[in-house]
There are 2 protein chains.
Amino acid sequence: MANGRVTVIDIAKAAGVSKSTVSLVLQGSPLVNEGTRTKVNAVMRDLGYVYNRGAANLRQSSAKSKIIGVVVNDLTNSFFAELAVGIDLVVQDAGFVQFLANTSESLDRQTEVIASMREHGISGLVVSPARGSRAIDFKALVSAGMPVVAVVRPVPGAKVSSLMSDNHTGLFSAVEHLAKLGHTRIAFFGGFEDTAIFQERLAGYRDGLAAAGFGYDEGLVFACAPSRAEGAKAVARAMAAGDRPTGGVCFNDAVAFGVYDGLRARRLEPGVDFAIVGFDDVIEAGTSVPALTTIAVDPQGMGRRAAQLLLKQINAGKAEAEAVVTPVRLVVRESCGVNRMKPGRRTA
Amino acid sequence: MANGRVTVIDIAKAAGVSKSTVSLVLQGSPLVNEGTRTKVNAVMRDLGYVYNRGAANLRQSSAKSKIIGVVVNDLTNSFFAELAVGIDLVVQDAGFVQFLANTSESLDRQTEVIASMREHGISGLVVSPARGSRAIDFKALVSAGMPVVAVVRPVPGAKVSSLMSDNHTGLFSAVEHLAKLGHTRIAFFGGFEDTAIFQERLAGYRDGLAAAGFGYDEGLVFACAPSRAEGAKAVARAMAAGDRPTGGVCFNDAVAFGVYDGLRARRLEPGVDFAIVGFDDVIEAGTSVPALTTIAVDPQGMGRRAAQLLLKQINAGKAEAEAVVTPVRLVVRESCGVNRMKPGRRTA
DNA sequence: TTGATATTTTGGAACGATCCAAATACTGAA
DNA sequence: TTCAGTATTTGGATCGTTCCAAAATATCAA
């Protein structure tokens, strides 16, 4: 009290009870008499008491810290920002608070922040792993029995739970959609070839082509960093080639918008002269001109589900790794020229 | 050791020293002999020791928790996501870790999370206050001597430090720019009228008009929620009126993009038929078509500065509230028709 | 060898909560 | 009044660290 911080002992003294009783009140125990409870609560309010969770955690089992860690690879990407918001939402409702760290795809940063979070006593971790993350990076956590949920990107070989969107089906249906509209030369834009997601999506793309009766042409795959600027460059490469595609599916929406830019730079109008399908369904997808046809994954929903999965494991006490695949769906808007475009017009 | 968690005592036993020595090693004290230090470190590695910051904080002064709280009003807005990234950057470098909570403009959420963060022992707080925040909401914190930095939005009357962008100058120079290009009827789009920022920006707009020799016409101010969708509606209202503006300054870039949409819906091309200036300079501003002329505020830089300010106060031990205004600058791109537009073409 | 001095190491006693076993206060029936 | 039975309350001991004063050890000049 004198030194600034009010403790249970100060409350006990002021209320004329023992610290144990105050502790009981704090925990909402039914053992304490209604009269004492209200008196103690009143004193707490009067003295401006703040509960010291750190002290409590020391005595209790480590899993009760009410802190979870969230590590994302790129918070400036609105997909991950939405994801973080989704996590935050359910985590807050459960009375938890989250450490949020951004790694900017740096593995060193990732190991650093995870170590730091451990020291601070997180009771679980949701991580969207930095590029190149290996099972070894999470080894210490899982062998310490800490629940870990990997989202968006898999960590091959790691014994952690995972929540991934259905990449294969997503690209499959994107290709199917374009094929149905009459396109026969369909390109694939964006993504780093050395990632698992890229491979999953590429497989969906190939299978989609096969299902439509087309062959797979490596020359129609334009990998690049999944950013708007790189997407613009990728489509420039595609249109410079001899046998041009008439439409394309993109690794994500950012790339798709880059494709818009790249087309316009060549005086081609997206959705009229070229059909585009994105992936993610970021907020801008619905309001852009033309509105982007895309594969919706609902990042906020994914965040919520990831947090629920994690909380379930924390409460269960034991972390049984499980893999969840979240469904995606094709959202048809204007960028494939429905009602706007003559399909296949520049073909052959 | 047996129960799972490795403590300093386990280390001490295994290394054949006392726990005090281990503690000294942990703190990198120069008092301990080089030989013992390496041996202790080796043992720590072998046993997989994780430092328990919670326990340490208990003994030490509360200001050393190495945790700071970050509360933002809307993380789905990329401006705030960037801000959070900037904060994260310097906070991580300083060996801190951040609690990040999103309030979605809910005052209740805000008080909840701040209370929760206090219980967890944060040593400082960066907050971008939810709409309608009052000094009272931060009273408990400041009277407890906790450093608080309010960013982006002011909290009138609160004794907290603040870091605001130069709203007045920003809008002043936006108007000046349009006037220089020959525009005489300049509208103002977006923003909530009951916020301090809106008033600051509006004042900059008025002063800019006055400096250019124009009068202030209330009918040219189209306030609305600062979102893309509402921006589109606002410009629709503007163009429906009799004496149309030929250009406009916007509350932020989101509104500006909404104005793009609204214009296109009326078959008007932004940057050709109508001049637009945004505010914020979000990432998309440079890559949109046309590229958006805007007032750059560098949210990530603001985040960094806010974090630095906070860390300075934490280290100083005493929280002397100070107000910092960060400079803004006009970034001229294509949305005002430089090289593209006949200024004032639809005037009169 | 012996102090004196400098270098290292070390047992408790905190920090602020929880938990447990045991004490105390109530209740109503005998 | 006493006693069993229930309802409340309560002192330690404890969690894993830091801090302090004091002890042990090493170093060295006389």
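Sequence lines set the chain letters: A, B, ... in the order given, protein chains first and strands last, and positions in each chain run from 1.
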- Can you tell me the distance, in whole Å, between the CG atom of Asn52(B) and the P atom of dC15(C)? 18 Å

- Task: Select one nucleotide: of dT18(D), dA17(C), dT17(D), the one nearest the side-chain heavy atoms of Ser23(B).
- Result: dT18(D)

- To the side chain of Tyr49(B), which of dT10(C), dT17(D), dG11(D) is closest? dT17(D)

- Item | Member of Lys312(B), Glu322(B), Gln313(B) meeting the side chain to side chain donor-acceptor pair (under 3.5 Å) criterion with Ser161(B) | Gln313(B)

- Heavy-atom side-chain proximity of Arg134(B) to Val155(B) below 4.5 angstrom: no

- Looking at Thr21(A), does any N or O in its side chain come under 4.0 Å of the phosphate oxygens OP1/OP2 on dT10(D)? yes

- Message: Looking at Thr36(A), I'd like to know whether one of its side-chain N or O atoms comes within less than 4.0 Å of OP1 or OP2 on dT8(D).
- Response: no

- Message: I need the NZ-P distance between Lys13(B) and dG16(D), as an integer number of Å.
- Response: 11 Å

- Tell me whether the OP1 or OP2 atom of dC19(D) has a side-chain N or O from Gln27(B) closer than 4.0 Å. yes

- Residue among Ile87(A), Asn77(A), Asn102(A), Val152(A) satisfying side-chain contact (heavy atoms from CB on, under 4.5 Å) with Val72(A): Asn102(A)

- Message: Between Arg59(B) and Val32(B), which residue's closest nucleotide on DNA chain C lies nearer the 5′ terminus?
- Response: Val32(B)

- If you find the nucleotide of DNA chain C closest to Ser20(B) and the one closest to Ala56(B), which residue's nucleotide is nearer the 5' end? Ser20(B)

- Message: Could you tell me how far apart Asn33(B) (CG) and dT27(D) (C1') are, to the nearest whole angstrom?
- Response: 14 Å

- Message: Starting the side chain at C-beta, find the nucleotide from dT10(C), dT9(D), dT18(D) nearest to Leu24(A).
- Response: dT9(D)

- Message: I'd like to know if the side chain of Arg153(A) reaches the main chain of Pro129(A), judged simply by a donor and an acceptor atom lying under 3.5 Å from each other, with no hydrogens or angles considered.
- Response: yes

- Message: Under 4.0 Å, counting only non-hydrogen atoms across every strand here, what does Val17(B) touch: a base, just sugar-phosphate, or nothing?
- Response: sugar-phosphate

- Starting at CG of Leu58(B) and ending at C1' of dG16(C), how long is that distance when rounded to a whole Å? 5 Å

- What's the CE-P distance between Met44(A) and dG16(C), to the nearest Å? 16 Å

- Message: How long is the straight-line distance from CG of Leu26(B) back to OG of Ser20(B), given to the nearest 0.5 Å?
- Response: 12.0 Å

- Query: Can you tell which of dA17(C), dT8(C), dT10(D) lies closest to the side chain of Leu31(B)?
  - Reply: dT8(C)

